[in-house]
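Take a look at the structure set out below.
Numbers for residues simply follow the sequence, beginning at 1.
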Amino acid sequence: DSYFHTYRFEDAIRHYTAYAESTTANQAYLSDVEVKLRRAAVGVRLMNRVEKVEFTDSVVVDKREFLKHFELTKDIGLLEQKSFYKTGTGWSDLITFITQRGDRKIFSDTTHHSIDLFKATKLLDGWAKSEPLSSLINTNADENYPFLMLDGLTLYFASNGENSLGGYDIFLTRFSGVSNDYLNPDNIGLPFNSMANDYMMVIDELNNTGWFVSDRFQPRNKVAVYRFIYTGQKQFLTNDNSREFIDVATLRTIQWSNQQPATRRKTVEATTDQESQSVVFYVTDNIKYTSTDEFKSPESRNLFSKWVNLKESTVQLNQRLEELRAFFTTTQEELERATLSREMLTLEKQGRQWKFQLEELEKKIRNEEIKFLKKTDVM
């Protein structure tokens, strides 16, 4: 599970497979392992095609009002959002998209087992009877958040079905005049999708702008609305499996555009603690160091290096805790929640120990440096 949640999907598959084939495997867990194996296989494929995206803005908002933060014009159509409370999962949305000509609409609605997509045509006296969208799109899972591009053929929507990495993922399909039906939908991949819920992809071709919504890194019933530059041309990042690559692929690190940086963007980006950006150490109220070279005492210099390493490890631990807490608030699987809970408790205990060690190291560094400075008459 740790490999899986840190996007090391190939390692996760290897360990899940070994567990499933083990003679000591708990049969009650095997169905959950099968789901994880499927999702990890999706992850392996998506990690090999991470799109390079330049973001211009992001803002955290209430989930029930996210559409108000899309700066849409009538030239690309009309979107309407209705929210309803679904027992066990919280607030859900029903979305209606009406084309810019006002002659067609694609919308989501509840059925006896899920949420599906429907279509209807405008008549002189109202809308024709709605009918379900293609069976290639609607599944036993939920399909929602439709948006049709200006060509009238390209459809974005979200689904939490089998080809999803986790929760809702954004998919793309096109209508084929040959088959008179939509083509098999494709998962649009990372960084747009994640293990959380990602949806409502909207493209404004006229202004080269796109939007989508995600609840990754967010508390319950809050979402982030991301705005990015749309060019119609895709570029992909090279997968080197490094932490830096994974951070970009998961939007822990956002690649901001140089075009008029937005004032709201810092509300979303999952940056590390400010102290990790530039290390500041106060020896006294009047003496401040920002690098190892500034220390005069060899002993305090050595201790400071250990302090910096431990502080960086603490930052990484807290990042991991944030990830786990985000996953915990979105997953409904009891086994997964129990696994996450155990890992969070272990990390919280480790965090408390490291916090105590950091405080003790700070005292030693300060005392050693002050003694050395007094001895050499610097103070």
Side-chain angles (χ1 to χ4, degrees), residues 59 61-86 89-122 127-134 136-161 164 167-175 182 185 187-188 192-194 196-205 209-216 218 221-227 230 330:
V59 60
V61 301
D62 191 290
K63 182 184 187 302
R64 289 174 289 173
E65 298 181 339
F66 74 80
L67 207 51
K68 293 181 180 179
H69 300 270
F70 280 52
E71 299 166 6
L72 306 180
T73 66
K74 292 183 179 179
D75 293 331
I76 64 171
L78 177 67
L79 277 165
E80 299 175 349
Q81 177 188 13
K82 293 182 180 179
S83 297
F84 69 97
Y85 192 81
K86 192 175 181 181
T89 59
W91 289 99
S92 295
D93 300 302
L94 294 179
I95 299 294
T96 297
F97 173 76
I98 302 175
T99 60
Q100 69 277 15
R101 295 173 57 183
D103 59 346
R104 285 192 294 163
K105 69 177 180 180
I106 298 177
F107 62 97
S108 56
D109 202 356
T110 56
T111 66
H112 66 281
H113 67 278
S114 63
I115 298 175
D116 282 342
L117 294 179
F118 297 81
K119 62 181 179 179
T121 305
K122 187 69 176 291
W127 291 98
K129 183 179 179 181
S130 62
E131 53 184 292
L133 222 54
S134 171
L136 292 173
I137 294 175
N138 288 328
T139 68
N140 291 329
D142 293 326
E143 279 72 43
N144 204 341
Y145 304 100
F147 174 76
L148 192 65
M149 291 186 67
L150 290 175
D151 61 12
L153 304 173
T154 306
L155 176 70
Y156 286 98
F157 68 97
S159 172
N160 55 17
S164 163
Y168 274 116
D169 271 14
I170 302 169
F171 289 81
L172 171 69
T173 182
R174 291 181 176 85
F175 189 83
Y182 284 94
N187 187 311
I188 69 169
F192 300 107
N193 291 321
S194 68
N197 292 296
D198 309 281
Y199 47 88
M200 205 63 266
M201 174 68 79
V202 173
I203 301 296
D204 182 349
E205 298 170 82
T209 301
W211 292 266
F212 73 99
V213 176
S214 178
D215 64 10
R216 70 187 88 176
Q218 304 306 323
N221 293 324
K222 290 288 186 179
V223 298
V225 176
Y226 294 90
R227 187 174 69 195
Y230 174 79
T330 56

Notebook entry, point to check: Do Tyr156 and Ile188 have side chains that get closer than 4.5 Å, going by heavy atoms?
Noted result: yes

Notebook entry, point to check: Does some side-chain heavy atom of Val225 sit less than 4.5 Å from a side-chain heavy atom of Phe70?
Noted result: yes

Note to self: Nearest 0.5 angstrom please: Leu117 CG to Ser130 OG, how far?
What the structure shows: 12.0 Å

Notebook entry, point to check: Are the side chain of Asp204 and the backbone of Thr209 linked by a donor-acceptor contact shorter than 3.5 Å?
Noted result: no

Notebook entry, point to check: If we only count heavy atoms from C-beta on, is the Leu94 to Asp109 side-chain gap below 4.5 Å?
Noted result: yes

Notebook entry, point to check: If you look at every heavy atom in Glu205 and Tyr230, which pair is closest and at what distance?
Noted result: CG-CE2, 4.1 Å

Item checked: Residues that Phe212 engages under ring pair (Phe, Tyr, Trp, His ring centres under 6.0 Å), provided they are two or more places apart -> Phe192, Tyr226

Margin query: Nearest 0.5 Å, please: how far is OG1 in Thr121 from CZ in Arg104?
Written below: 7.5 Å

Note to self: Looking at every non-hydrogen atom in both residues, tell me the closest pair between Asp75 and Gln100 and how far apart they are.
What the structure shows: O-CB, 3.5 Å

Notebook entry, point to check: Nearest 0.5 Å, what's the CG-CG distance between Asp116 and Asn140?
Noted result: 8.5 Å

Next item on the list: Supply the atom-to-atom distance Leu153 CG to Thr173 OG1, rounded to the nearest 0.5 angstrom.
Entry: 10.5 Å

Item checked: Any donor-acceptor N/O pair, Thr99 side chain to Gly77 backbone, under 3.5 Å -> no

Notebook entry, point to check: Could you give the distance from CG (Leu155) to CG (Leu172), rounded to the nearest 0.5 Å?
Noted result: 8.0 Å

Next item on the list: Return the orientation label for the Phe157 and Phe171 ring planes: parallel under 30°, perpendicular over 60°, tilted otherwise.
Entry: parallel

Notebook entry, point to check: Are Phe66 and Tyr199 close enough that their ring centres sit under 6.0 Å apart?
Noted result: yes

Check: If you look at every heavy atom in Gly102 and Lys122, which pair is closest and at what distance?
Finding: O-CB, 3.6 Å

Next item on the list: State, to 0.1 Å, how close Phe97 and Pro146 come at their nearest heavy-atom pair, and which atoms those are.
Entry: CB-O, 3.7 Å

Margin query: Between Lys63 and Asp93, does any NZ, NE, NH1 or NH2 come within less than 4.0 Å of an OD or OE carboxylate oxygen?
Written below: yes

Check: Just wondering, do Thr111 and Phe118 contact through their side chains at under 4.5 Å, heavy atoms?
Finding: yes

Notebook entry, point to check: Within a strict 4.5 Å, meaning less than it, do heavy atoms of the Val223 and Val61 side chains meet?
Noted result: yes

Next item on the list: State the CD1-CD1 distance between Ile203 and Ile76, to the nearest 0.5 angstrom.
Entry: 9.0 Å

Item checked: Minimum heavy-atom distance Asp198-Ser214, with the two atoms named -> OD1-OG, 2.6 Å

Notebook entry, point to check: Which atom names give the shortest non-hydrogen contact between Glu71 and Trp211, and what distance separates them?
Noted result: O-CH2, 3.3 Å

Next item on the list: Assess the pair Tyr182 and Phe175: is the distance between their ring centroids shorter than 6.0 Å?
Entry: yes

Checklist line | Contact check, side chains of Thr110 and Phe84, non-hydrogen atoms, under 4.5 Å | finding: yes

Note to self: Going by side-chain hydrogen bond (donor to acceptor under 3.5 Å, both in side chains), name the residues that satisfy it together with Thr139, two or more places apart in sequence or in a different chain.
What the structure shows: Glu143

Next item on the list: Would you confirm whether Asn144, through its side chain, and Ser108, through its main-chain N or O, come within 3.5 Å as a donor-acceptor pair?
Entry: no

Check: Does Gly167 offer a backbone N or O that forms a donor-acceptor pair with the side chain of Asn197 under 3.5 Å?
Finding: no

Checklist line | Close side-chain approach of Phe147 to Met201, heavy-atom, < 4.5 Å | finding: no

